[in-house]
2 protein chains.
Amino acid sequence: MTTDVDLAAVARLIAEPARAAMLDALLSGEALAAGELARAGQVRPSTASGHLAQLVAGGLVEVAHSGRHRYFRLASPDVAHALEALGAISPPRPVRSLRQSRTDEAMTLARTCYDHLAGVVAVALVDAFVARSLLTAGGDGFTLTPAGAEALADAGIDIADARASRRAFARSCLDFTERRPHLAGALGAAVCAHVLAEGWFVRRAPGHRALRITDEGRRQLAKRWDITTP
Amino acid sequence: MTTDVDLAAVARLIAEPARAAMLDALLSGEALAAGELARAGQVRPSTASGHLAQLVAGGLVEVAHSGRHRYFRLASPDVAHALEALGAISPPRPVRSLRQSRTDEAMTLARTCYDHLAGVVAVALVDAFVARSLLTAGGDGFTLTPAGAEALADAGIDIADARASRRAFARSCLDFTERRPHLAGALGAAVCAHVLAEGWFVRRAPGHRALRITDEGRRQLAKRWDITTP
DNA sequence: ACGACCTTTCGGTGCCGACCGAACTTTCCC
DNA sequence: GGGAAAGTTCGGTCGGCACCGAAAGGTCGT
């Protein structure tokens with residue numbers, strides 16, 4: 001493996017405002033169609049098509065054909081991680097509207113970070129796992145204890161499936177609003193998929209990261225994990 | 001805090017090959033003068049000056065005046081982290097020369113990663129610390145045990161000073177050649193400063209990350225930590 | 001005080017790439 | 001098969017910005 005990498009080549013792809021907006025939309029973890037991404041980037045479909053071709057050629061994004069649609073998603077968790085790290089040193093954009101400041105508030109509470117949960121709730125959940133010794137903190141992430149494996153399996157999360165994947169099992173990821181780690185990796189993705197499937201949260205808008213917690217979610221979090229939410 | 005950040009603004013700064021080369025040079029952790037950075041970016045001083053002004057304005061780089069020189073360094077460990085994360089998804093540059101492939105080999109063995117150690121040796125050192133229970137792995141990093149504090153203080157590392165800094169004390173950082181975590185944060189910086197001061201390693205060239213291990217370093221690593229190096 | 005050195009400012013040139021509309025391909029639906 | 005919808009390709013336009021050289025601003029030696 002070579003140590004001399006072309007930083008500028010990747011940065012150039014992210015540097016274009018339209019492409020950056022597309023990548024931001026893809027950070028929701030969803031696969032989005034070319035047209036939706038054109039809207040996210042506020043450019044015409046023809047322009048978006050060129051951008052997407054570049055992102056695919058650069059290895060940041062993968063594409064899946066489905067009929068007359070083409071669905072794009074981030075190529076790997078590493079890409080999501082790099083985007084998050086870049087976000088941590090990016091200047092905040094001036095708040096434009098009341099609507100945006102409301103979205104901001106919502107995102108602080110709960111959002112997706114690529115394919116796992118982030119925000120106040122995600123950090124609280126990890127804390128609850130650790131406090132109950134279901135998870136222990138480790139150098140490059142977390143370790144699931146036997147008790148943890150049992151508890152999460154009981155809760156309906158497919159641990160075996162998560163272990164089978166080739167991804168890191170239980171990574172930690174720095175929450176960029178809380179500035180504390182939350183659960184990422186295959187296990188983080190499994191937990192996120194489960195709580196969405198169970199209807200604890202719903203996505204506020206397609207292609208956006210913000211999640212709305214449902215009454216059911218509020219109830220379950222309080223009952224199972226003793227987490228109260230505003 | 002706002003969640004809507006301008007990814008493109010930071011990426012634009014990194015996207016220029018000359019600026020990327022300068023940032024790469026600064027990843028050595030050293031503060032470098034404008035002229036040295038001009039050479040690193042392979043541009044005229046006048047061009048470099050403009051680039052550096054942009055990097056400072058963008059918050060990626062800080063400047064310190066010293067006589068007729070101006071020394072630049074990365075503004076924060078977060079910047080270094082973002083650059084590393086970006087490096088992990090960047091395409092390798094084609095190997096140009098035998099000389100470069102030798103540098104590559106050297107960097108795989110030992111290098112700086114901003115202000116701490118990276119490479120085979122860094123990972124081996126962390127492993128040794130953990131094996132001796134001087135360090136335990138934690139969710140967002142490591143924890144220094146009482147035995148560890150004593151052992152490292154005995155070795156001549158200023159633990160109190162590292163603890164006093166406002167930085168995270170013992171972070172973990174993914175080594176991008178080894179793909180395993182090594183020690184970062186204030187403690188990582190202290191360890192790196194110590195081994196450089198003691199002459200275990202010397203920098204191969206100013207503004208480059210590669211380190212050469214000295215005979216003294218080889219001896220000490222073998223004696224104190226039972227690490228043998230090729 | 002003078003020259004040497006490091007760095008920045010300014011004006012002018014040139015190129016890369018983002019953008020759009022129009023035309024074309026592919027797929028779906030009726 | 002016809003029409004609509006999604007996406008891509010192509011040609012032409014235009015703006016932003018990296019680049020350099022020349023000259024000026026500071027700072028250090030002697």
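Every chain is numbered from 1 and lettered A, B, ... according to where its sequence line falls, protein lines coming before strand lines. Quick caveat, the model's predicted, so the values are computed rather than measured.
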**Student:** Which atom pairs, one a donor and one an acceptor, fall under 3.5 Å between side chains of residues 39-49 of chain A and the rest of the protein, sequence neighbours left out?
**Tutor:**
none

**Student:** If we fit an axis to the first five pairs and another to the last five of the helix from C:dA1-D:dT30 to C:dC30-D:dG1, what angle do they make, to the nearest 10°?
**Tutor:**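 Taking the rotation axis at each end, their angle is 40°.
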**Student:** With sequence neighbours excluded, tell me which residues meet side chain to side chain contact (heavy atoms under 4.5 Å, CB included) with B:Asp158.
**Tutor:**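 For B:Asp158 the side chain to side chain contact (heavy atoms under 4.5 Å, CB included) partners, ignoring immediate neighbours, are B:Ala160, B:Asp161.
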**Student:** Does the distance from a Lys or Arg side-chain N to an Asp or Glu carboxylate O, for B:Arg111 and B:Asp175, drop under 4.0 Å?
**Tutor:** yes
**Student:** Between atom CG in B:Leu55 and atom P in D:dC17, what is the gap in whole Å?
**Tutor:**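 Rounding to the nearest Å, CG of B:Leu55 and P of D:dC17 are 14 Å apart.
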**Student:** Calculate the interatomic distance between B:Gln42 atom CD and D:dC20 atom C1'; express it in whole Å.
**Tutor:**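 Rounding to the nearest Å, CD of B:Gln42 and C1' of D:dC20 are 16 Å apart.
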**Student:** Who are the salt bridge (Lys or Arg N to Asp or Glu O under 4.0 Å) partners of A:Glu216, not counting sequence neighbours?
**Tutor:**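 A:Glu216 satisfies salt bridge (Lys or Arg N to Asp or Glu O under 4.0 Å) with A:Arg219 once adjacent residues are dropped.
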**Student:** Quick check against the 3.5 Å criterion: does A:Arg93 have a side-chain atom that pairs as donor or acceptor with the backbone of B:Val5?
**Tutor:**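 Between the backbone of B:Val5 and the side chain of A:Arg93 there is a qualifying donor-acceptor contact (under 3.5 Å).
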**Student:** Nucleotides 8-13 of chain D: which of its N/O atoms have a protein N/O under 3.5 Å away?
**Tutor:**
unit_1: D:dT8; atom_1: OP1; unit_2: A:Arg70; atom_2: NH1; d: 2.1
unit_1: D:dT8; atom_1: OP2; unit_2: A:Ser49; atom_2: OG; d: 2.8
unit_1: D:dT8; atom_1: O5'; unit_2: A:Ser49; atom_2: OG; d: 3.2

**Student:** Please name the pair of heavy atoms, one in B:Tyr114 and one in B:Ser76, separated by the smallest distance, quoted to 0.1 Å.
**Tutor:**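 Nearest heavy atoms, B:Tyr114 then B:Ser76: OH-C, 3.8 Å.
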**Student:** Got a donor-acceptor contact below 3.5 angstrom from the A:Thr177 side chain to the A:Gly119 backbone?
**Tutor:**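 Pair absent, no side-chain N/O of A:Thr177 close to backbone of A:Gly119.
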**Student:** Whether A:Arg167 and A:Asp115 form a salt bridge (side-chain N of Lys/Arg under 4.0 Å from carboxylate O of Asp/Glu) is what I want to check.
**Tutor:**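 Answer for the salt bridge query: yes.
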**Student:** Within the 4.0 Å heavy-atom criterion, would you say A:Ala38 contacts the bases, only the backbone, or no part of the nucleic acid?
**Tutor:**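 It contacts nothing in the nucleic acid.
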**Student:** Could you list all the salt bridge (charged side-chain N to carboxylate O under 4.0 Å, His left out) pairs where at least one residue sits in residues 183-197 of chain B, not counting sequence neighbours?
**Tutor:** none
**Student:** Among residues 6-25 of chain A, which ones have heavy-atom contacts with DNA chain D below 4.0 Å?
**Tutor:**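 Nothing qualifies; none.
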**Student:** Please identify each residue that fulfils ring pair (Phe, Tyr, Trp, His ring centres under 6.0 Å) with A:His182, with sequence neighbours left out.
**Tutor:** A:His116
**Student:** OP1 or OP2 of D:dA18 less than 4.0 angstrom from a side-chain nitrogen or oxygen of B:Gln54, does that happen here?
**Tutor:**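 For D:dA18, OP1/OP2 do have a side-chain N/O of B:Gln54 under 4.0 Å.
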**Student:** So which pairs with a foot in residues 8-27 of chain B pass salt bridge (charged side-chain N to carboxylate O under 4.0 Å, His left out), sequence neighbours left out?
**Tutor:** B:Asp24-B:Arg209
**Student:** Once side chain to side chain contact (heavy atoms under 4.5 Å, CB included) is applied, do any residues pair with A:Glu198, and if so which ones, sequence neighbours excluded?
**Tutor:** A:His194, A:Trp200
**Student:** With a strict under 4.0 Å distance from non-hydrogen atoms of chain A, what nucleotide opens and what nucleotide closes the contacted stretch of DNA chain C, reading 5' to 3'?
**Tutor:** C:dA18 to C:dC28
**Student:** Name all residues meeting the side chain to side chain contact (heavy atoms under 4.5 Å, CB included) criterion together with A:Ala33; count only those two or more places apart in sequence or in a different chain, and write none if there are none.
**Tutor:**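 Listed in chain order: A:Glu36, A:His69, A:Tyr71.
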